[in-house]
Amino acid sequence: MPSSPEWRRYFEENARSLLDIPWHLGPELTPDETAAIAQSLKEFQAGESSEGKYLLRYAQEYSECTGDQEYVPAIRLFIGEEQRHARDLARFLALNDIPLVPTTFTDRVFRRLRHLFGGLEISVAVLITAEVIAKVYYAALQHATQSVILRKLCDQILRDELKHVQFQAEQLAKLRLGRRLLGRTATMGLQRFLYLGTMLVVWFFHRKAIRLGGLSVLDWWRSCWREFRQAFGAPLAESGAAPDRGHETGFARHEGPAGGPDR
Ligand SMILES: [Fe+2]
Ligand SMILES: [Fe+2]
């Protein structure tokens, strides 16, 4: 399991090796694409925008309790990546004359959930739920558009999210280490329940964009659960140890939605 200093170094290195986004291409969305994805994209953009104030505070408390000093800078850099996603998506929306929304219903629910009971574990457990779903969503979005800019943006976001999910899953494994069987089973039950709810809500509000990306409701269901299993892996779910990451191909490339289209 990489340590916090390794994660900090990863985030610093990632910031130096971002993909070039061809902004000069200008507005590219067709009217059909705009009709199918604009609202959805606005909502995801709002979801990516967060100052991460609470998360940072929980990370600081955790760091003081455990002596894991490097976790705070790693979390700061992680929040910075999410803010970059929000900035880039906002730029893309502005380029295509689509107004931003400050917040959405699902965004408010998610923020409320993260702070409902306080603490790092809840915050990270809710965050990872959104990030695992985001991996399936952005991969579908990439197939829903011919826009070179948006496809490249999805590429960058997917690369980042792959590592975010790993970062959060590893932190959850640390936080849940030593929990007894009953506690572990209950924790994973709640995690699955939250995931199921999120998956259904995201399908309901974003189905036009997801369908345009080639995923039926069944594909969405299968892809989401496959990503969930990959994120949490059997060892974490069943024994409280680190998740199995044998499926991953490393930092370089996201493989697209499991069971998704291949255009
Ligand atoms: Fe993100
Ligand atoms: Fe993320």
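Along the sequence shown, residues are numbered consecutively beginning with 1. The structure displayed is predicted, hence computed values, not measured ones. Both ligands and their constituent atoms are indexed starting at 1 by order of listing.
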Student: Given atoms OE1 of Glu161 and ND1 of His164, what angle do they subtend at the Fe ion (ligand 2), to the nearest 10 degrees?
Tutor: 100°
Student: Can you check whether Pro73's main-chain N or O pairs, donor with acceptor, with Arg8's side chain at less than 3.5 Å?
Tutor: no
Student: Using a cut-off of strictly less than 2.8 Å, determine whether His85 has an N/O/S atom near the Fe ion (ligand 1).
Tutor: yes
Student: Checking only N/O/S atoms, does Glu81 have one that is under 2.8 Å from the Fe ion (ligand 2)?
Tutor: no
Student: Between Tyr10 and Phe167, is the ring pair (Phe, Tyr, Trp, His ring centres under 6.0 Å) condition met? List the steps.
Tutor: CA-CA 10 Å; Tyr10 159 72; Phe167 176 52; 8.8 Å; no
Student: The Fe ion (ligand 1) and Glu48: any N/O/S contact shorter than 2.8 Å?
Tutor: yes
Student: Side chains of Asp88 and Gln156 only: does a donor on one sit below 3.5 Å from an acceptor on the other?
Tutor: no
Student: Need the atom name: nearest N/O/S atom of Glu82 to the Fe ion (ligand 1).
Tutor: OE1
Student: Checking only N/O/S atoms, does Glu131 have one that is under 2.8 Å from the Fe ion (ligand 2)?
Tutor: yes
Student: Looking just at side-chain N and O atoms, do Asp68 and Ser4 make a donor-acceptor pair shorter than 3.5 Å?
Tutor: yes
Student: Distance alone, cut at 3.5 Å: any donor-acceptor contact between the side chains of Gln45 and Arg91?
Tutor: no
